Amino acid sequence: MSFEPVVLFFMLGLLAGVLRSDLKIPGVVYEALSIFLLLAIGLKGGVELARHDVLDLAGPALVVVGVAVLIPLACFSVLRGLAGFPRADAASIAAHYGSVSVVTFAVASSFLASRAVAADGYMTVFLALLELPALLVGVFLARRGQGQVGWRTLLHEVLAGKSIVLLAGGLLIGWLAGPDGIHPLDRVFFDLFKGMLAFFLMEMGLVAAGRLADLRRAGPFLVAFAVGAPVCAGLLGIVTAGLLGFSVGNAVLLATLYASASYIAAPAAMRIAVPEANPALSIGASLGVTFPFNLIAGIPLYYWLAFRLHGVLV
Amino acid sequence: MSFEPVVLFFMLGLLAGVLRSDLKIPGVVYEALSIFLLLAIGLKGGVELARHDVLDLAGPALVVVGVAVLIPLACFSVLRGLAGFPRADAASIAAHYGSVSVVTFAVASSFLASRAVAADGYMTVFLALLELPALLVGVFLARRGQGQVGWRTLLHEVLAGKSIVLLAGGLLIGWLAGPDGIHPLDRVFFDLFKGMLAFFLMEMGLVAAGRLADLRRAGPFLVAFAVGAPVCAGLLGIVTAGLLGFSVGNAVLLATLYASASYIAAPAAMRIAVPEANPALSIGASLGVTFPFNLIAGIPLYYWLAFRLHGVLV
Amino acid sequence: MSFEPVVLFFMLGLLAGVLRSDLKIPGVVYEALSIFLLLAIGLKGGVELARHDVLDLAGPALVVVGVAVLIPLACFSVLRGLAGFPRADAASIAAHYGSVSVVTFAVASSFLASRAVAADGYMTVFLALLELPALLVGVFLARRGQGQVGWRTLLHEVLAGKSIVLLAGGLLIGWLAGPDGIHPLDRVFFDLFKGMLAFFLMEMGLVAAGRLADLRRAGPFLVAFAVGAPVCAGLLGIVTAGLLGFSVGNAVLLATLYASASYIAAPAAMRIAVPEANPALSIGASLGVTFPFNLIAGIPLYYWLAFRLHGVLV
Amino acid sequence: MSPALTCRKLVTIICEAELETLLLPELARQGAHGYTLTEARGQGARGVRDGAWRASSNIRIEVLCGVGVAERLVEMLQTRFYADYGVVVFVVDVEVLRPGKF
Amino acid sequence: MSPALTCRKLVTIICEAELETLLLPELARQGAHGYTLTEARGQGARGVRDGAWRASSNIRIEVLCGVGVAERLVEMLQTRFYADYGVVVFVVDVEVLRPGKF
Amino acid sequence: MSPALTCRKLVTIICEAELETLLLPELARQGAHGYTLTEARGQGARGVRDGAWRASSNIRIEVLCGVGVAERLVEMLQTRFYADYGVVVFVVDVEVLRPGKF
Ligand SMILES: Nc1ncnc2c1ncn2[C@@H]1O[C@H](COP(=O)(O)O)[C@@H](O)[C@H]1O
Ligand SMILES: Nc1ncnc2c1ncn2[C@@H]1O[C@H](COP(=O)(O)O)[C@@H](O)[C@H]1O
Ligand SMILES: Nc1ncnc2c1ncn2[C@@H]1O[C@H](COP(=O)(O)O)[C@@H](O)[C@H]1O
Ligand code: NA
Ligand code: NA
Ligand code: NA
């Protein structure tokens, strides 16, 4: 259960943050790298998609998204019912955990690649599809019994948000241009991917270090939740993948998608749609605990589980 | 007449802008990428130049620049005489169309490369040479009959401006160091070129989307001009190339240079030298119409024309 | 005694600065590139280190650091005793010259590589070790006879400063992950290194151009010092390398380390620890004179000397 | 000062960067004719906002306007944003040229 | 406030980024001893300036100075730049230490 | 202006970027409850600071506070930093909401 070398960069960033190093990566570099990663992931998925029949994905996609909706519902019940969190906070955290983390997905892909376990490029389509529904569920939960939902604003915020635009745009360009059309761009979008991911993870470590203070305010229940939720969701992913007859590699990726918590689209969307929720709680949990947990222990765990359960389920 | 895959990135940026996406590429990334592209184009040209006798270029260069001066003169006559634009505006727009767009040139080179049509690296020399004269003509036209031209300021603004410094600097370094000296830098300046161009085009799309509002104010004549001018100038380029005995590839590049309108050096220079001209008109036309037109339809058209006329002219 | 092609980029930047070009590289690009270079150098060293027994380095490291402490002491005597500089200024300049310049080291490595002269990757360990001691010596010299040294602040400033964190972090990651673990990152951290260095040198040229004005205030003695000190320190490096039985390549690198003056860690540390020293003097000398001198003449000179003296010393 | 200058209000708003899309349209709705925006970092009751990523960045918005618009802006901020967002606002008297513009 | 503080003028100029090279030398010529500059975005009569590239970026310049220099700066802006460029200026009274510096 | 607004001081400090780590803790120590920081360039007695790298960048810090804290801040700057660093400070009266916050 060893982890990916790129994860060491995350730890370096975390350490630098904890030591109050003057190492600061400018905010615009963070922006630029996240744009690069989203676009590159989209392109890669699109190029792979060009090799498949897109319609074959419709069935699995429906199941994958349908099952995924259970995650925010379950999270909400636990946080509100069991731990008595305020409605808005419970709903916002649920939305974060129902949605997905692009970087966690990228680390899982890279983890599989270095173990030579095949996974399908079209998994990126699920990545793009899973971003939105949980956010809608979260807003619905926060607003139940109250009329004033700005659905249009929310939908625009997410669908025209940079993660969907870049993932979907990359998918489309990759699909239209195909492997040959994209080939001259491989040097930037594919060859540099892993190094850029390492760099970005170092930044994420610095950012995560800044969230650790929030965790003290959040209390032990939320910290436990931030470890327990991804494990349960990951298991759900492996089972779903098994029922859909996915390969082991795809099962690991689906588990990672279910287990990961969003920190790009969700924070922005929740801040607009559920402003009374405290962002320190949701971001502290997702970025301060779940993200490092998934990188270091979660992905190897889902990998191990997927191999264990593969024979049983398929 | 299909277009380059990189053009899809421009369209993605344009779409994101039109949809009011929160995808925003920080201004410093725009700056950094444009510096990279200018330097890389210069280096590439310089390395190629090291394989030729520079003096052989003096004759063609004189003709190429001499003919190019006709473009701003013709544009000015049309805009002032035909459409009654104010003198300053007509002169400023003429200067933009007489000068050149580095990115359009890069897309045309890449268009030729993916069709395996050879073109000479020293065409970059013309790119650098064509930047300035039209700007001088524009200022002359704007100031005719008025004494107060700050020629020194203008010359300094353009000659010490970043596009000339980087293009000419790159040419010189490439020429001095030669293919062997530059070889260790190939990984950055040549291998990454096309991917960076794609990224930059996405930014240009976002920027261009912001100029579309200006077009409504500009009126239909200017929009028609922004399509008609490049076509005529492109034709002029093909004819000139034919008379000079250029190869088809070089003819396409010269046509593109003549047809393209500047949006790096010209806006800055005109803002200083002809401040009473409205920049929304010149930038709206060059970036909102001519730039996309050239990417999508212009370059394929000049390519098609160059092949048609090659037999006839040479 | 010809210099590296990358040095041409430094000259281009310098020229652009002197010509007051509008070429400005945004401060965040400077930050991002310096982070990249430090991390890449660290990683490379760490990967090489994984091939050696780390304990074997302890002896040479002690000698290398011990001898290096002579440099700031000698500089201080010259500046204070001979030229009568104020105590704080003499101490601060001495600290700059005792510490090291990462970029000068990188150019020297690249100089050796293009001449196919082998050097050991673990020299990076000395780079990291040599950063701190001279700064401590500098503060000690500035504060002798006065009680109020903030040693804790200073140690934190340097040890948690970005250059140590990135160099040491990179070394550690490279060492832990080993060549195989880092291999997927080679495309970014190794293949792009030299191109990024070229880009960064262009920025350094722009920055150095801005320091030339300071030199006029500094006076001719400091300018002479800024050329003489690196030559003497370089010679000391070659002799030390000879006594330690280093290869010629390693001797050139050690000479360069001794000869180079810091402009990342030292300015920041001295500004905090010896605030009454005038930064225009130390940065003007180290960045305005010594840095270009080393790039253009120093490195080729140490190379030539190292080869001359190799037979004699070893 | 010089007779050419007229008195106006400068309203400065410091808030989370995420608020930009909600806040800017609101300014125009209250009658502001323009604004100037700079990126900022900071610290306040909600902890450090270090600008490392958008979710912990601030923006600083300045609006030059008349007394009436200034009052409306302050009230709008108070009723719509104060409860849920980290918003700081301060108002100062300034002298401007071309008062009709603001 | 404290007796150590003296009254001076703070002149704030917001304008297109392209103007920087023309404007900065002008400040010194009118007697300003220094300035502070931040990058900005904004909106006004000439539309949105979103900072996506230099041609649509603004700068925000602050000059601390005496009444006389402030008046000259305002007049210089009015006569040289107001007609052709998007320039906004406002002046406010501030208290400073070391008044001789400004 | 509106009765909801109360008078406070706005202390603006412009200084070298390197000073950030020393200065920010000092603000809290003098009783400031928060600050807002923007990156800046500039020129003054110590020459041009063009922002090309950290060693020639400035920062611009704003603190909203009461009269007492403002006086302490100015004094702290004067005694601790004026001699050795390029520091400019100015103070202005502003009107704020929620005066208890500052
Ligand atoms: N006393 C203050 N002076 C200046 N800026 C402040 C002050 N308090 C808060 N701010 C700014 O307002 C933002 C939000 O404040 P808060 O909601 O108190 O966390 C902070 O991140 C600071 O940028
Ligand atoms: N009322 C205003 N309040 C604050 N800033 C303004 C205002 N009007 C204009 N500006 C700034 O001045 C720039 C130029 O204004 P304009 O020439 O009106 O487009 C704008 O981009 C804004 O940054
Ligand atoms: N008169 C002034 N007006 C506005 N800012 C100033 C002024 N003088 C100095 N500054 C700022 O304060 C910094 C340090 O000033 P100095 O110590 O005089 O070099 C400069 O880089 C400017 O950003
Ligand atoms: Na999830
Ligand atoms: Na043209
Ligand atoms: Na040294």
Side-chain angles (χ1 to χ4, degrees), chain D residues 7-17 19 30 36-52 56-95, chain F residues 1-15 17-42 51 54 57-67 69-70 73 90-102:
Chain D
C7 204
R8 281 289 174 278
K9 293 284 178 185
L10 173 70
V11 181
T12 305
I13 306 165
I14 298 161
C15 67
E16 329 181 5
L19 221 57
Q30 306 303 328
T36 296
L37 191 159
T38 51
E39 314 287 332
R41 308 185 265 136
Q43 179 170 357
R46 289 162 203 249
V48 178
R49 302 185 59 77
D50 61 3
S56 70
S57 299
N58 288 342
I59 50 178
R60 182 182 184 282
I61 300 174
E62 288 175 314
V63 181
L64 284 166
C65 53
V67 181
V69 171
E71 273 171 6
R72 279 205 296 283
L73 285 176
V74 169
E75 204 191 300
M76 176 272 290
L77 289 170
Q78 204 165 12
T79 52
R80 275 214 48 187
F81 296 111
Y82 259 50
D84 296 329
Y85 295 99
V87 179
V88 162
V89 63
F90 56 86
V91 183
V92 62
D93 288 306
V94 299
E95 291 176 288
Chain F
M1 220 172 91
S2 125
L5 295 173
T6 317
C7 206
R8 282 289 175 279
K9 293 285 177 186
L10 174 70
V11 181
T12 305
I13 306 165
I14 297 161
C15 67
E18 304 279 17
L19 221 57
E20 185 178 332
T21 39
L22 290 186
L23 190 53
L24 293 185
E26 216 50 58
L27 300 180
R29 215 166 290 150
Q30 307 303 329
H33 295 173
Y35 64 84
T36 296
L37 191 158
T38 51
E39 315 287 334
R41 308 185 263 137
R54 188 125 197 103
S57 299
N58 289 341
I59 50 177
R60 182 183 183 281
I61 300 175
E62 288 174 316
V63 181
L64 283 167
C65 53
V67 179
V69 172
L73 286 175
F90 56 85
V91 183
V92 61
D93 288 306
V94 299
E95 292 176 288
V96 297
L97 283 173
R98 301 189 292 184
K101 188 175 166 66
F102 306 108

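Any value given below was found using the heavy atoms of this structure, including those in side chains, with hydrogens, waters and symmetry copies removed. Per chain, numbering begins at 1; letters A, B, ... match sequence-line order. These figures come from a predicted structure and were not determined experimentally.
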Determine whether F:Val94 and D:Val91 make a side-chain contact, defined as any pair of heavy atoms from C-beta on separated by less than 4.5 Å. no

For D:Val87 and F:Arg98, the nearest pair of non-hydrogen atoms, with its separation, is O-NH2, 2.7 Å

Can you tell if the side chain of D:Phe90 reaches within under 4.5 Å of the side chain of F:Leu5, non-hydrogen atoms only? no

Should D:Thr38 and F:Glu39 count as side-chain neighbours, where that means a heavy-atom distance under 4.5 Å? no

So what's closer than 4.5 Å to chain F heavy atoms on D:Arg49: side chain, backbone, both or neither? neither

Please lay out, stage by stage, how D:Val92 and F:Asp93 fare under the test side chain to side chain contact (heavy atoms under 4.5 Å, CB included). CA-CA 7 Å; D:Val92 62; F:Asp93 288 306; over 6 Å; no

For the pair D:Val88 and F:Leu64, evaluate side chain to side chain contact (heavy atoms under 4.5 Å, CB included) and give the outcome as yes or no after the intermediate values. CA-CA 9 Å; D:Val88 162; F:Leu64 283 167; 3.4 Å; yes

Closest non-hydrogen contact found for F:Leu97 with D:Val89 is CD1-CG1, 3.9 Å

Please state whether the side chain, the backbone, both or neither of F:Leu10 comes within less than 4.5 Å of a heavy atom of chain D. side chain

To the nearest 0.5 Å, atom OG1 of F:Thr36 lies from atom CZ of D:Arg41 at 11.0 Å

So which part of F:Arg8 gets closer than 4.5 Å to some heavy atom of chain D, the side chain, the backbone, both or neither? neither

Are any of the side-chain heavy atoms of D:Gln43 and F:His33 separated by less than 4.5 Å? no

